[in-house]
Amino acid sequence: MHGISGDMGALDRAEAVERAARARSGWYARYLWGYAAGQLVLVPVALLWHGVAAASVLTLTNVALATGLSVYAARQRIVPRGFGARHGVLMGCWGAAYTAALLLGNLAFPDSRVYAAVAAPACALPLAVGAVLERRRSS
């Protein structure tokens, strides 16, 4: 009888560890939401503001966002299973959307505020979808 209760205690502890790990793995969803929010500012700046000052501000802001998010990610103790592949796919989708938005905006819709207002959420969309999926996965 002692062995069964000992096994149950071990199962309870294992379940508690799994719950804690799932709860702490929600950091990646927050990371993606932060990156998506950044797109709502950075994409219109990239499309509507021109010149050396614009390039400098855009570069510094992008570096600050990437650095802040990277420091945040590096401080996390839990890395979700399959993180590398998932992150690679999400960043690839975002990169394709961002590149397409900037190319199309500069070639076909220069200085269009309407285009910038549509392009910003379009660039944030892959990150937002990733954040929603990650939230579901970690709960």
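No experiment lies behind these values; they were computed from the predicted model shown. Atom set for the values below is all heavy atoms of this structure, side chains included, hydrogens, waters and symmetry mates excluded.
Using a 4.5 Å heavy-atom cutoff, the side chains of Pro126 and Tyr98 are not in contact. Looking at heavy atoms from C-beta onward, Leu47 lies out of side-chain contact with Arg113 at the 4.5 angstrom threshold. Between Trp33 and Leu127 the shortest side-chain heavy-atom distance does not fall below 4.5 Å. When side chains are defined from C-beta on, Tyr115 counts as touching Leu104, because their heavy atoms get closer than 4.5 Å. In this structure, Tyr28 and Arg137 have side chains that are not in contact, with every pair of non-hydrogen atoms separated by 4.5 Å or more.
Scanning all heavy atoms of the two residues, the minimum distance from Pro44 to Gln39 falls at CD-O, 3.7 Å. Between Ala36 and Ala128 the shortest heavy-atom distance is CB-N, 4.2 Å. Residues Tyr31 and Ser70 approach most closely at CE1-N, 4.5 Å, considering heavy atoms. When all heavy atoms of Ala119 and Ala101 are compared, the pair lying nearest together is CB-CB, 4.0 Å.
In terms of modelled atom types and a separation under 3.5 Å, the side chain of Thr67 and the main chain of Ala64 share no donor-acceptor contact.
Side-chain heavy atoms closer than 4.5 Å link hydrophobic residues (I, L, V, M, F, W, Y) into clusters, and following such links, possibly through other members, connects Leu102 to Val57.
Leu42 CG to Leu58 CG: the interatomic distance, rounded to the nearest 0.5 Å, is 6.0 Å. Distance check, rounded to the nearest 0.5 Å: CG of Leu90 to OH of Tyr35 gives 11.5 Å. With values rounded to the nearest 0.5 angstrom, Leu65 atom CG is found 9.0 Å from Thr61 atom OG1. Atom SG of Cys123 is separated from atom CG of Leu40 by 9.5 Å, given to the nearest 0.5 angstrom. One distance of note links CG of Leu32 with CH2 of Trp94; it measures 12.0 Å at 0.5 Å rounding. For the atom pair CZ of Phe83 and CD of Gln76, the computed distance is 10.0 Å after rounding to the nearest 0.5 Å.
Between the side chains of Tyr72 and Arg30, at least one donor N or O sits under 3.5 Å from an acceptor N or O.
For Arg86, the side-chain hydrogen bond (donor to acceptor under 3.5 Å, both in side chains) test picks out Glu134, with sequence neighbours left out.
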